[in-house]
Amino acid sequence: MSVIYDRVALIGLGLIASSMFWAMKRNGLAREVTGYARSAATRDAARRIGLCDHVCDTVAEAVKDADLVVLAIPVGVMGAVAAEIGPHLKPGATVTDVGSVKRDVIENVGPHIPETVHFVPGHPVAGTEHSGPDSGFAELFDNRWCLLTPPEGTDLTAVAELRRFWEGLGSNVEEMEADHHDLVLAVTSHAPHLIAYTMVGVADDLRRVTDSEVIQYSAAGFRDFTRIAASDPTMWRDVFLTNKDATLEILGRFTEELFALQRAIRTGDGAHLHDYFTRTRAIRRGIIEAGQDTAAPNFGRAQKPV
Ligand SMILES: NC(=O)c1ccc[n+]([C@@H]2O[C@H](COP(=O)([O-])OP(=O)(O)OC[C@H]3O[C@@H](n4cnc5c(N)ncnc54)[C@H](O)[C@@H]3O)[C@@H](O)[C@H]2O)c1
Ligand SMILES: O=C(O)C(=O)C[C@]1(C(=O)O)C=C[C@@H](O)C=C1
């Protein structure tokens with residue numbers, strides 16, 4: 001594969017940035033990659049493992065002369081970091097982000113990007129419960145979706161170039177309107193994470209059980225919940241605070257359905273339960289038949305099983 005951006009700057013050096021770095025190196029997508037993270041400990045850890053060609057001590061130095069700047073930091077700090085880098089961006093450069101929420105990022109980052117710089121928001125729909133510079137691996141994005149949500153009027157060449165870049169990282173790329181993205185992800189990712197956090201919290205409340213049986217006899221379903229509930233607290237706090245409306249809308253519908261199922265159990269309405277489970281099984285089968293089960297265990301996670 002050939003070089004797409006001469007110089008790429010990764011701001012934030014965690015799971016997503018480090019996976020992007022290893023995938024860029026695997027496929028030769030950039031000539032030089034600079035990196036910056038807020039904490040000196042993270043920058044030192046990155047230097048130790050050879051993450052980035054050059055780890056900078058200031059964000060201004062990292063973005064200087066970069067053709068692509070990637071904000072790979074929690075959604076809640078995107079605006080503040082954009083304000084810091086704005087004056088140092090090279091005219092003609094592209095700024096993108098990998099945040100799990102898109103409308104909030106557009107509103108908070110957009111105003112700090114100079115007219116001469118393109119801003120193309122993005123979201124790789126791929127991740128694990130791990131975080132930090134050591135957690136990345138080159139295969140993370142292979143055959144996973146990356147959603148780009150360029151606001152109206154965004155330079156088409158900049159969008160096409162970023163699309164080629166994500167395809168080079170292994171992803172399938174789709175463009176989507178930001179509000180629609182946030183609603184879809186509230187259903188497929190954000191609400192399910194909250195439900196997993198809650199279920200593990202409930203088990204933890206039953207302390208006498210947690211200490212022994214819940215751990216010893218935990219079935220596959222509960223283990224999956226504990227994996228998801230081990231995800232980074234800062235990242236997920238910010239997701240819920242910035243995708244408030246869509247998440248509350250989906251949680252409202254979720255509780256309505258939950259109450260209906262609860263009632264069916266209490267009243268012994270087996271037909272309701274059976275119909276409901278038949279419908280949900282058909283959805284799962286549809287996903288598998290469409291070849292969309294990219295989240296199956298170890299899919300795209302060849303090097304680092306989670
Ligand atoms: N983890 C996932 O599964 C996943 C998947 C897709 C997208 N995302 C999104 O990607 C972004 C990064 O997530 P991650 O999983 O790589 O997180 P991470 O916790 O692994 O890494 C975040 C990095 O940002 C740095 N950072 C935090 N605040 C900063 C600041 N003010 N200035 C500079 N650096 C700062 C941290 O030091 C760390 O290096 C988030 O917006 C998240 O919503 C995450
Ligand atoms: O596989 C996981 O651990 C994830 O939670 C990854 C996951 C998801 O919900 O699918 C989480 C948040 C991101 O914005 C994208 C991907």
Side-chain angles (χ1 to χ4, degrees), residues 9-21 35-46 49 51-52 55-60 62-63 69-85 96-102 104-105 108-109 121-137 140-141 144-147 166 169 171 181-182 184-197 224-243 247 292-301 304-306:
L10 298 172
I11 309 305
L13 296 171
L15 169 72
I16 300 298
S18 57
S19 298
M20 289 178 78
F21 176 75
Y36 170 80
R38 184 189 39 172
S39 93
T42 304
R43 299 197 295 271
D44 286 344
I49 61 172
L51 173 61
C52 294
V55 176
C56 306
D57 284 324
T58 67
V59 74
V63 304
V69 175
V70 183
L71 299 176
I73 52 183
V75 174
V77 294
M78 294 267 184
V81 172
E84 244 183 289
I85 63 171
T96 189
D97 76 294
V98 295
S100 305
V101 177
K102 299 280 42 99
D104 188 86
V105 169
N108 287 294
V109 171
H123 176 206
V125 188
T128 74
E129 72 280 24
H130 301 297
S131 52
D134 299 317
S135 59
F137 54 105
L140 179 64
F141 309 112
R144 306 301 292 262
W145 287 104
C146 180
L147 304 174
W166 273 105
L169 294 174
S171 293
H181 166 280
D182 290 353
V184 170
L185 268 291
V187 179
T188 60
S189 176
H190 305 168
H193 271 76
L194 200 74
I195 292 161
Y197 279 122
D224 286 350
F225 277 143
T226 62
R227 184 188 78 75
I228 290 172
S231 300
D232 188 69
T234 304
M235 168 185 158
W236 284 98
R237 176 201 63 195
D238 287 3
V239 166
F240 294 119
L241 294 181
T242 58
N243 198 19
T247 309
Q292 293 288 315
D293 189 24
T294 54
N298 290 330
F299 184 95
R301 292 174 189 169
K304 225 178 212 186
V306 291

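For reference, positions follow the sequence shown, starting with 1. Heavy atoms only: backbone and side chains are in, while hydrogens, waters and symmetry mates are out. Both ligands and their constituent atoms are indexed starting at 1 by order of listing.
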Identify, by atom number and element, the atoms of ligand 2 in contact range of [X], meaning under 4.0 Å from any of its heavy atoms.
| X | value |
| --- | --- |
| Glu129 | 3 (O) |
| His193 | 5 (O), 9 (O), 11 (C) |
| Trp236 | 11 (C), 12 (C) |
| Ala126 | 15 (C), 16 (C) |

Would you call Ala72 a ligand 1 contact, heavy-atom distance under 4.0 Å? yes

Looking at ligand 1, would Gly136 count as a contact under a 4.0 Å heavy-atom criterion? no

Look at [atom] and find which of [options] reaches it with the closest heavy atom.
| atom | options | result |
| --- | --- | --- |
| atom 40 (C) of ligand 1 | Ile73, Thr42, Val75, Val98 | Ile73 |
| atom 1 (O) of ligand 2 | Gly127, Pro124, Ser100 | Gly127 |
| atom 10 (O) of ligand 2 | Gly99, Ser189, Ser231 | Ser189 |

Find all atoms of ligand 1 within a distance of less than 4.0 Å from any non-hydrogen atom belonging to Thr128, and give their numbers and elements.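 It comes down to these atoms of ligand 1: 1 (N), 3 (O).
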
Heavy-atom protein neighbour under 4.0 angstrom from atom 42 (C) of ligand 1: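 Looking at atom 42 (C) of ligand 1, one finds that a protein heavy atom does lie closer than 4.0 Å.
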
Would Val77 count as a polar contact of ligand 1, with the cut-off being nitrogen or oxygen pairs under 3.5 Å?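 So ligand 1 has no N or O lying under 3.5 Å from an N or O of Val77.
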
Report yes if some N/O of Gly12 lies less than 3.5 Å from some N/O of ligand 1; otherwise report no. no

